[in-house]
Colleague: 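The structure under discussion is supplied below as structure tokens; questions concerning it will follow.
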Amino acid sequence: MKVELTNQTRKLCVIGDPVEHSKSPLIQNTMIQALGLDYLYMAQYVPRGGAAAWLEAAKTAGYAGFNATMPHKLDLVPLMDELDEDARMYGAVNTVALRNGRAYGFNTDGRGFVQALRDEGIGPEGRTAVLLGAGGAAKSVALKLVQQGAKAVFACNRTLEKAGELCRLDRQGRLIPAGFDLDTLRELCTRCSLLVNCTSLGMTGVAGQYQDLTFLDALPEETPVCDLIYAPAETLFLKEARRRGHPAFNGLGMLIWQAVFALEHFTETKIDGQAMKHVLKNVC
């Protein structure tokens with residue numbers, strides 16, 4: 001990709017530890033080029049615990065903003081001058097816009113997931129969702145599904161206490177903790193109308209894989225299945241869901257929509273997300 005710089009070019013980046021694997025620079029620079037915007041997006045390693053120091057450095061260096069991946073999303077929350085509703089709801093920030101010395105924190109995770117769902121013709125309204133995992137990714141998906149009208153969302157985790165911590169964030173009582181054992185998963189799948197893997201099981205470069213996916217046999221016919229992982233493009237989880245006849249999709253759509261919404265915050269420009277998906281289809 002050819003990148004042209006001027007003295008007015010605004011800087012953007014993603015911070016993380018690690019950050020070398022991030023697709024954000026490729027996605028963001030492709031969109032920036034397609035839109036004719038004068039920005040440059042990079043990957044910046046920031047060690048665990050370094051979010052506060054980085055924020056001050058970014059302000060001094062004139063950054064327009066940055067995205068944050070693990071382990072900085074939680075640490076950024078108390079450092080923001082303002083938080084949007086989603087960042088406050090999740091207790092995590094993945095997008096920071098810097099304007100006139102002030103830091104504005106956003107979270108585009110849940111919104112990106114729901115938009116990716118709708119692109120697949122799936123609305124969250126009235127659904128019973130089963131989420132595998134109760135970490136940060138599960139939190140944003142779970143709370144957004146409830147906000148958008150899901151009837152019930154089960155958060156399944158090996159440590160039931162951690163699932164309970166997540167579910168207590170929902171005051172409407174539609175978030176329900178559950179175990180991760182095979183019998184529990186089979187029983188929940190019989191009631192499920194949306195199944196989402198929010199764990200890292202099956203991810204490229206991460207040890208661990210689902211050892212038994214027979215709980216998928218309990219899913220009602222045509223129940224949609226999503227894996228938030230996008231590398232590899234088809235995990236064993238998705239492959240087995242498709243083999244059983246279920247519509248199944250990975251986390252790339254969520255990643256792209258997160259990036260679109262983040263770029264809107266950085267540039268204060270309305271962006272045609274569907275057009276950007278078309279631009280990015282052969283890039284990611």
Side-chain angles (χ1 to χ4, degrees), residues 109-135 137-158 160 163 166-167 170 172-204 208-257 274 277 281:
D109 286 336
R111 186 181 171 200
F113 174 75
V114 168
Q115 185 59 56
L117 268 189
R118 295 195 187 280
D119 284 353
E120 299 290 333
I122 303 164
E125 296 83 3
R127 289 188 182 270
T128 295
V130 174
L131 308 188
L132 307 178
K139 180 192 291 187
S140 60
V141 168
L143 292 173
K144 200 65 173 179
L145 285 173
V146 167
Q147 185 193 64
Q148 294 293 305
K151 181 170 67 174
V153 178
F154 291 90
C156 303
N157 201 66
R158 289 189 176 92
L160 195 58
L166 166 56
C167 294
D170 169 40
Q172 302 177 62
R174 284 185 280 166
L175 264 182
I176 306 159
F180 206 83
D181 60 280
L182 197 56
D183 288 342
T184 297
L185 295 182
R186 283 174 177 156
E187 193 279 324
L188 290 178
C189 279
T190 63
R191 297 186 267 161
C192 177
S193 52
L194 174 64
L195 177 64
V196 186
N197 176 46
C198 302
T199 76
S200 62
L201 292 173
M203 181 185 293
T204 299
Q209 182 60 269
Y210 281 99
Q211 298 302 309
D212 190 336
L213 287 163
T214 56
F215 60 87
L216 294 173
D217 295 330
L219 285 173
E221 188 176 351
E222 294 296 308
T223 298
V225 176
C226 174
D227 196 328
L228 299 189
I229 294 169
Y230 56 84
E234 183 179 63
T235 58
L236 178 62
F237 175 76
L238 284 185
K239 181 179 180 180
E240 288 299 308
R242 289 191 177 111
R243 188 174 68 81
R244 290 164 169 82
H246 297 282
F249 57 100
N250 66 18
L252 185 59
M254 176 180 177
L255 179 69
I256 290 173
W257 277 108
Q274 296 297 343
K277 281 188 67 178
K281 69 178 182 179

Colleague: Give a yes or no answer on whether the side chain of D227 reaches the backbone of L238 with a donor-acceptor pair at less than 3.5 Å.
Modeller: no
Colleague: Taking all atoms of both residues into account, what is the closest heavy-atom pair of C156 and G179, and its distance?
Modeller: CB-O, 3.3 Å
Colleague: Which value, rounded to the nearest 0.5 Å, describes the distance between F154 atom CZ and R174 atom CZ?
Modeller: 13.0 Å
Colleague: Could you tell me if the side chain of P224 sits less than 4.5 Å from the side chain of R127, heavy atoms only?
Modeller: yes
Colleague: Would a 4.5 Å heavy-atom cut-off, applied to side chains only, mark R111 and Q147 as touching?
Modeller: no
Colleague: So, T128 side chain and S193 main chain: donor-acceptor pair closer than 3.5 Å or not?
Modeller: no
Colleague: Dump the intermediate steps for side chain to side chain contact (heavy atoms under 4.5 Å, CB included) on L175 and L143, then the final yes or no.
Modeller: CA-CA 8 Å; L175 264 182; L143 292 173; 3.7 Å; yes
Colleague: Quick one, L219 and H246 - any side-chain contact, counting heavy atoms below 4.5 Å?
Modeller: yes
Colleague: Given L132, which of N157, L195, L188 fulfils the side-chain contact (heavy atoms from CB on, under 4.5 Å) condition?
Modeller: L195
Colleague: Report the distance from atom CG of L145 to atom CG of D170, rounding to the nearest 0.5 Å.
Modeller: 11.0 Å
Colleague: Is there a side chain to side chain contact (heavy atoms under 4.5 Å, CB included) between D109 and M254 once you walk through the steps?
Modeller: CA-CA 8 Å; D109 286 336; M254 176 180 177; 4.2 Å; yes
Colleague: Are any of the side-chain heavy atoms of L201 and L236 separated by less than 4.5 Å?
Modeller: no
Colleague: Please report the closest heavy-atom contact between I176 and A152, naming both atoms and the distance.
Modeller: CD1-CB, 4.2 Å
Colleague: Go through it in stages, so that I can follow the logic: the residues are V196 and F113, the test is side chain to side chain contact (heavy atoms under 4.5 Å, CB included), and I'd like the CA-CA distance, side-chain angles, deciding distance and then a yes or no.
Modeller: CA-CA 11 Å; V196 186; F113 174 75; 3.9 Å; yes
Colleague: On a heavy-atom basis, which atom in P177 and which in C167 lie closest, and how many Å separate them?
Modeller: N-SG, 3.3 Å
Colleague: Nearest 0.5 angstrom please: L131 CG to L166 CG, how far?
Modeller: 8.0 Å
Colleague: Report yes if the side chains of R191 and V130 come closer than 4.5 Å at any heavy-atom pair, otherwise no.
Modeller: no
Colleague: Look up atom CG in L228 and atom OG1 in T199, then write down how far apart they are to the nearest 0.5 Å.
Modeller: 9.0 Å
Colleague: Output the distance between atom OG1 (T223) and atom CZ (R244), rounded to the nearest 0.5 Å.
Modeller: 12.5 Å
Colleague: Could you go through T184 and D181, starting from their C-alpha distance and side-chain angles, then the distance that decides it, and tell me whether this counts as side chain to side chain donor-acceptor pair (under 3.5 Å)?
Modeller: CA-CA 5 Å; T184 297; D181 60 280; 2.7 Å; yes
Colleague: Would you mind reporting whether T235 and N250 have side-chain heavy atoms less than 4.5 Å apart?
Modeller: no
Colleague: Where is the tightest heavy-atom contact between A155 and A163, given as atom of each residue plus distance?
Modeller: O-CB, 3.5 Å
Colleague: Measure the shortest side-chain to side-chain distance between E240 and Y210 over non-hydrogen atoms and say whether it is less than 4.5 angstrom.
Modeller: no
Colleague: Count the heavy atoms belonging to other residues, nucleotides or ligands that lie under 6.0 Å from NZ of K239, then report whether that count exceeds 12.
Modeller: no
Colleague: More than 12 heavy atoms of other residues, nucleotides or ligands under 6.0 Å from CD of E221: yes or no?
Modeller: no
Colleague: If we only count heavy atoms from C-beta on, is the L182 to R186 side-chain gap below 4.5 Å?
Modeller: yes
Colleague: Identify, with sequence neighbours excluded, every residue that meets ring pair (Phe, Tyr, Trp, His ring centres under 6.0 Å) alongside F215.
Modeller: none
Colleague: Looking only at atom types and distance, does a side-chain atom of R158 sit under 3.5 Å from a main-chain N or O of F180, one as donor and one as acceptor?
Modeller: no
